[in-house]
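Throughout, residue positions are numbered sequentially from 1 according to the sequence presented. Atoms within each ligand, like the ligands themselves, are counted from 1 in listed order. The shown structure was predicted, so the numbers you read here are calculated from the model rather than taken from an experiment. Computed from heavy atoms alone, side chains included, the values below leave out hydrogens, waters and symmetry copies.
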Amino acid sequence: MSTSERIRLAVFASGGGSNFEAIAGAVARGALPLDLALCLSNRPDAGVLERAVHHGVPTAVLSPSDHPNPDTYVQALLDVLAAHRVNFIALAGYMRLVPAPVVQAFRHRILNIHPALLPAFGGKGMYGRRVHEAVLAYGVRWTGATVHLVDEQYDTGPIVLQEPVPVRQDDTPETLAARVLQVEHRLYPLALKLFAEGRVSVEGRRVLIRG
Ligand code: GAR
């Protein structure tokens, strides 16, 4: 993708899709200069699909469990992305590992949002409520949200933006999740805007932002 090419974004999500809503809202307000090309879920009952229909965004459902052969799954994924001329992907509560050939085809063009300050409280199995339970069990004073580039493993790619959120003594996983989500809804559209404006470059593990 050349730096001047307009982003055609696919959002991958498995759940309710409040981050999708934040991104779609920013696009609709004219605050995020990109085209929402596709919303893809691995679950036909994911709430995010209804939100996508509401915003007039094309949807697709594709699950590795429908493809006994991993190669046909990867090809189906690449085909649907090509059919919608997708050149950038945002994972928003997507509970599947992106297959390595897709990561390679979209190197430095896949973002993920994680509801903690990576590299703490990340990795396989660390998603959604489990992250906030682990944060509370450990007793850290601060958690937060991280937007990072996706590589071949869970939650290990270069970090683009982070914002801390204080942990309160009376927090439950639900209250903490709600406060972190408020930050996520601001941070994710901002990170995407930086890419849409061509202000991001990657040097090894470090992400450089101009301006
Ligand atoms: C968000 O908190 C997101 O950070 C998290 O799932 C939630 C999805 O909420 N993602 C992960 O835990 C990934 N490891 P949403 O469906 O309302 O956007």
Side-chain angles (χ1 to χ4, degrees), residues 9-28 32 36 38-55 57 59-64 88-99 102-103 110-138 140 142-168 171-192:
L9 182 73
V11 177
F12 286 16
S14 304
S18 70
N19 275 290
F20 171 85
E21 192 67 43
I23 293 165
V27 172
L32 185 51
L36 257 176
L38 179 68
C39 173
L40 181 138
S41 186
N42 57 310
R43 299 182 45 167
D45 59 345
V48 70
L49 295 170
E50 253 176 64
R51 293 186 193 261
V53 170
H54 177 79
H55 283 278
V57 176
T59 61
V61 176
L62 207 54
S63 169
F88 205 100
I89 299 169
L91 311 184
Y94 186 63
M95 305 312 176
R96 287 281 175 278
L97 194 64
V98 177
V102 178
V103 174
I110 309 178
L111 290 176
N112 180 42
I113 189 151
H114 185 77
L117 294 177
L118 292 174
F121 305 109
K124 189 167 163 43
M126 272 292 188
Y127 55 83
R129 183 192 163 93
R130 291 194 202 177
V131 178
H132 305 293
E133 283 171 351
V135 162
L136 291 172
Y138 199 95
V140 291
W142 291 90
T143 182
T146 302
V147 178
H148 66 93
L149 287 161
V150 170
D151 63 12
E152 285 82 350
Q153 279 125 48
Y154 283 101
D155 301 329
T156 53
I159 290 171
V160 180
L161 293 177
Q162 288 187 301
E163 188 170 319
V165 172
V167 179
R168 294 188 190 147
D171 263 328
T172 62
E174 288 72 28
T175 61
L176 195 52
R179 269 201 335 286
V180 172
L181 269 177
Q182 283 183 6
V183 170
E184 293 184 42
H185 297 162
R186 202 162 17 80
L187 208 62
Y188 216 178
L190 174 60
L192 285 163

Task: Element-labelled atoms of ligand 1 that are located less than 4.0 Å from some non-hydrogen atom of E184 - done: 1 (C), 2 (O), 3 (C), 4 (O)
- [ ] Please work out which of A13, G15, G128, G17 has its closest non-hydrogen atom nearest to atom 16 (O) of ligand 1.
- [x] G17
TODO: Classify the contact between L91 and ligand 1 as side chain, backbone, both or neither, using a heavy-atom distance cut-off of under 4.0 Å.
DONE: neither
- [ ] Heavy atoms only: give me the nearest P189-R186 pair and the separation to one decimal.
- [x] CD-O, 3.5 Å
Task: N/O donor-acceptor pair under 3.5 Å between S14 side chain and M95 backbone - done: yes
Open item on the list: Counting non-hydrogen protein atoms only, what is the nearest one to atom 17 (O) of ligand 1? Give residue, atom name and distance.
Closed with: S18 OG, 2.6 Å
- [ ] Using distance alone, decide if ligand 1 has a nitrogen or oxygen within less than 3.5 Å of any nitrogen or oxygen in N19.
- [x] yes
Open item on the list: Tell me if a side-chain donor or acceptor on N112 pairs with a main-chain N or O of H148 at a distance below 3.5 Å.
Closed with: no
Open item on the list: Just to check, does E21 reach to within less than 4.0 Å of ligand 1 when the distance is taken from its heavy atoms?
Closed with: no
Task: Proximal atoms of ligand 1 relative to G93 (non-hydrogen, under 4.0 Å) - done: 6 (O), 8 (C), 10 (N)
Task: Sub-4.0 Å heavy-atom approach of G16 to ligand 1 - done: yes
Open item on the list: Can you check which of G123, G125, P115, A92 brings a heavy atom nearest to atom 5 (C) of ligand 1?
Closed with: P115
TODO: State whether the side chain of T143 and the backbone N or O of V165 hold a donor-acceptor pair below 3.5 Å, judged by distance alone.
DONE: no
Open item on the list: Quick check on contacts: which atoms of ligand 1 are under 4.0 angstrom from a heavy atom of I113?
Closed with: 4 (O), 10 (N), 13 (C)
Task: Donor + acceptor pair across side chains of H185, S18 (<3.5 Å) - done: yes
Open item on the list: Does R179 form a side chain to side chain contact (heavy atoms under 4.5 Å, CB included) with D171? I'd like the steps, not just the answer.
Closed with: CA-CA 10 Å; R179 269 201 335 286; D171 263 328; 2.8 Å; yes
Open item on the list: Within the 4.0 Å heavy-atom shell around M126, which atoms of ligand 1 are there?
Closed with: 14 (N)
Task: More than 12 heavy atoms from other groups under 6.0 Å of CD on E50 - done: no
TODO: Report yes if some N/O of Y94 lies less than 3.5 Å from some N/O of ligand 1; otherwise report no.
DONE: no
Task: Flag, side chain of E133 to backbone of P173, donor-acceptor distance under 3.5 Å - done: no
